[in-house]
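One structure is given here, and the rest of the page talks about it.
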Number of protein chains: 2
Amino acid sequence: MSRENKSSNIAFRKHDHRRCQRQLLSAARQVCETRKLRLTSRRRQVLEILLASHQPLGAYDILAELNRAADAERIAPPIVYRALEFLLVEGLIHRIESRNAFISCVHPGHQCAAQFLICRDCEQVAEIENGDSGLLAQADNIGFAVDHAVVEITGVCAQCQKHGE
Amino acid sequence: MSRENKSSNIAFRKHDHRRCQRQLLSAARQVCETRKLRLTSRRRQVLEILLASHQPLGAYDILAELNRAADAERIAPPIVYRALEFLLVEGLIHRIESRNAFISCVHPGHQCAAQFLICRDCEQVAEIENGDSGLLAQADNIGFAVDHAVVEITGVCAQCQKHGE
DNA sequence: GAAGTTACGTTATAATATAACATTATGTCG
DNA sequence: CGACATAATGTTATATTATAACGTAACTTC
């Protein structure tokens with residue numbers, strides 16, 4: 001597959017995945033340092049699993065991964081959920097509500113209102129930077145104080161449309 | 001439950017709730033008739049529970065309500081989930097992904113891409129008609145074929161902001 | 001190094017959702 | 001009508017996702 005068909009979008013065009021992981025992990029470290037927070041080994045471990053996947057993973061997928069890595073210890077759900085909670089709050093990962101899953105953030109720490117395009121075929125997720133405005137403006141208009149916006153668009157990505165033909 | 005007067009926006013400004021319920025139920029009947037679908041008594045029952053609440057309810061809340069109504073029968077989860085599935089597919093209710101909950105649709109059958117403003121204080125939800133476009137246009141631009149858009153904005157509604165002061 | 005705090009570990013259980021199969025109701029076509 | 005097909009409901013069991021509650025270890029600060 002030479003000309004890796006101009007894969008649709010932002011987050012998922014062809015890229016050096018290793019390098020990407022390294023950079024994002026490094027950015028996460030930076031963020032934590034700046035904020036005087038501890039990116040403990042558990043937290044890092046969970047983040048790394050998400051970075052490695054680059055796709056949404058359920059909490060129990062992560063748990064399984066941890067238990068695969070661990071030699072004998074049996075890691076239990078709260079450990080994962082706590083790490084996820086930390087990473088979410090710090091904007092290092094996102095939760096995909098419509099899948100009960102988690103995915104690493106492409107702009108660590110920027111608590112931007114992220115938006116997602118989710119392909120139901122290949123399950124890949126593209127994170128789109130902000131984009132909207134109209135929406136939040138509308139909320140503002142009627143005096144609604146926005147905390148957090150969940151924008152998740154499901155469909156079929158360009159690649160998968162081609163393959164499906 | 002004197003929530004009636006706290007309500008703020010679009011979907012929740014003060015209104016004749018009884019009348020609203022009746023109208024929406026009638027609209028649902030219409031939709032089903034047109035589409036040659038059966039709005040069976042279970043389905044109607046579930047829809048009515050959602051209409052009566054006008055707020056998001058979890059599947060198990062609905063289940064509890066059914067069991068309260070039923071005399072002795074013990075209704076089980078699949079019954080509720082199946083009715084919900086039907087109502088969802090026909091666009092008579094929506095699922096609020098970020099709450100694992102369901103809410104009746106304000107425009108039955110219009111499978112419009114609905115958007116929600118969710119107040120984390122009073123838990124009321126306003127359904128906004130489409131409004132957007134920028135988003136979907138953006139998806140379109142990169143060749144992403146949209147199926148379904150989840151837009152759920154959490155925050156504090158105007159009313160609750162006042163009361164909180 | 002003792003006290004306070006934060007993170008981690010453990011056990012149990014809550015909350016949400018579905019698989020699989022049996023039964024009943026409804027439609028339909030001879 | 002009556003037999004077959006289909007759709008809807010009912011039932012049992014279990015899967016999946018998430019959290020409460022409490023104990024232990026690690027780090028921080030004085």
Side-chain angles (χ1 to χ4, degrees), chain A residues 28-29 31-33 35-50 55-67 69-90 92-103 123 150 152, chain B residues 28-29 32-33 35-50 56-67 69-90 92-103 123 150 152:
Chain A
R29 267 197 247 271
V31 164
C32 289
E33 188 165 346
R35 298 181 190 166
K36 312 271 192 230
L37 297 170
R38 297 168 56 204
L39 187 59
T40 63
S41 69
R42 274 284 179 244
R43 289 166 177 174
R44 186 177 35 70
Q45 217 180 346
V46 168
L47 178 57
E48 280 176 338
I49 288 167
L50 285 169
Q55 280 185 241
L57 293 180
Y60 279 74
D61 296 330
I62 296 168
L63 184 58
E65 196 59 44
L66 284 177
N67 275 319
D71 246 352
E73 7 163 28
R74 302 302 305 163
I75 292 164
I79 289 180
V80 172
Y81 280 100
R82 282 193 291 233
L84 290 171
E85 174 67 14
F86 171 85
L87 297 168
L88 279 171
V89 166
E90 299 308 325
L92 302 175
I93 65 173
H94 296 288
R95 185 183 161 92
I96 307 289
E97 297 289 349
S98 58
R99 314 285 263 212
N100 294 331
F102 303 86
I103 191 168
E123 310 237 296
V150 170
E152 301 172 9
Chain B
R29 269 198 247 270
C32 289
E33 189 165 345
R35 297 182 191 167
K36 313 272 192 229
L37 297 170
R38 296 169 56 204
L39 187 58
T40 62
S41 69
R42 275 283 180 245
R43 291 166 176 174
R44 187 177 34 68
Q45 217 181 346
V46 168
L47 177 58
E48 280 177 338
I49 288 168
L50 284 169
L57 292 180
Y60 280 73
D61 295 332
I62 296 168
L63 184 58
E65 196 59 44
L66 285 178
N67 274 319
D71 246 353
E73 7 163 30
R74 303 299 307 163
I75 292 164
I79 290 180
V80 172
Y81 281 101
R82 282 195 291 235
L84 290 171
E85 174 67 14
F86 171 86
L87 297 169
L88 279 172
V89 167
E90 299 309 326
L92 302 175
I93 65 174
H94 296 288
R95 184 182 160 91
I96 306 288
E97 297 289 350
S98 58
R99 314 283 263 211
N100 296 331
F102 303 85
I103 191 168
E123 309 237 296
V150 170
E152 300 172 8

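Computed from a prediction, not measured in an experiment: that's the story for all the values here. Every chain is numbered from 1, with letters handed out A, B, ... down the list of sequences.
By the side-chain contact (heavy atoms from CB on, under 4.5 Å) test, A:A69 is found to be paired with A:Q45, residues two or more places apart in sequence or in another chain being considered.
Atom P of nucleotide D:dA7 and atom CZ of B:R35 are separated by 18 Å, given to the nearest angstrom. In this structure, B:L88 atom CG and C:dT18 atom P are separated by 11 Å, rounded to whole Å. Between the CG atom of B:L84 and the C1' atom of D:dT9 there is a distance of 15 Å, rounded to whole Å. Atom OH of A:Y81 and atom C1' of C:dT11 are 16 Å apart (whole Å). Between B:L63 atom CG and D:dT9 atom P the separation is 15 Å, expressed in whole Å. Here the P atom of nucleotide C:dT24 and the CD atom of B:E73 are 14 Å apart, to the nearest Å. The distance between atom CD of A:E85 and atom P of D:dT19, rounded to the nearest whole Å, is 8 Å.
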Practice task
Show your reasoning for whether salt bridge (charged side-chain N to carboxylate O under 4.0 Å, His left out) applies to A:E73 and A:R42.
Solution key: CA-CA 13 Å; A:E73 7 163 28; A:R42 274 284 179 244; 3.4 Å; yes
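Residue B:T40 places none of its side-chain N or O atoms closer than 4.0 Å to OP1 or OP2 of C:dA25. OP1 or OP2 of C:dA17 lies within a sub-4.0 Å distance of a side-chain N or O belonging to B:R95.
Side-chain atoms of A:I93 and A:I103, non-hydrogen and from C-beta on, never get closer than 4.5 Å to each other. A:R43 has its side chain out of reach of A:L47: every pair of non-hydrogen atoms, C-beta onward, lies at least 4.5 Å apart.
Comparing C:dA17, C:dA7, D:dA18 by their nearest atom to the side chain of A:N100 picks out D:dA18. The nucleotide whose nearest atom lies closest to any side-chain atom of A:I79 is, among C:dT18, C:dG9, C:dC8, C:dG9. When distances are taken from the side chain of B:R42 to each of C:dC8, D:dG10, D:dA18, the shortest belongs to D:dG10. Checking C:dA17, C:dT10, D:dA18 against every side-chain atom of B:P77, the shortest atom distance belongs to C:dA17.
A:S98 and B:E97 are not linked by any side-chain donor-acceptor pair at a separation below 3.5 angstrom, with hydrogens and angles left out of the test.
The nearest heavy atom of DNA chain D to B:L37 and to B:I75 marks one nucleotide each, and the one closer to the 5' end goes with B:L37. Heavy-atom nearest nucleotides on DNA chain C were determined for A:S41 and for A:A76, and the one closer to the 5' end corresponds to A:S41.
One finds a salt bridge joining B:R44 and B:E48 here, because a Lys/Arg side-chain nitrogen approaches an Asp/Glu carboxylate oxygen to under 4.0 Å.
Atom CD in A:E65 sits 10.0 Å away from atom CG in A:L50 (nearest 0.5 Å).
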Completion exercise
Quick tally for nucleotides 21-30 of chain D: nucleotides whose base has a protein heavy atom under 4.0 Å get B, sugar-phosphate-only ones S, the rest -, giving B-----S---
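With centres under 5.5 Å and a plane angle under 30°, the ring of B:Y60 is stacked against the base of C:dT16.
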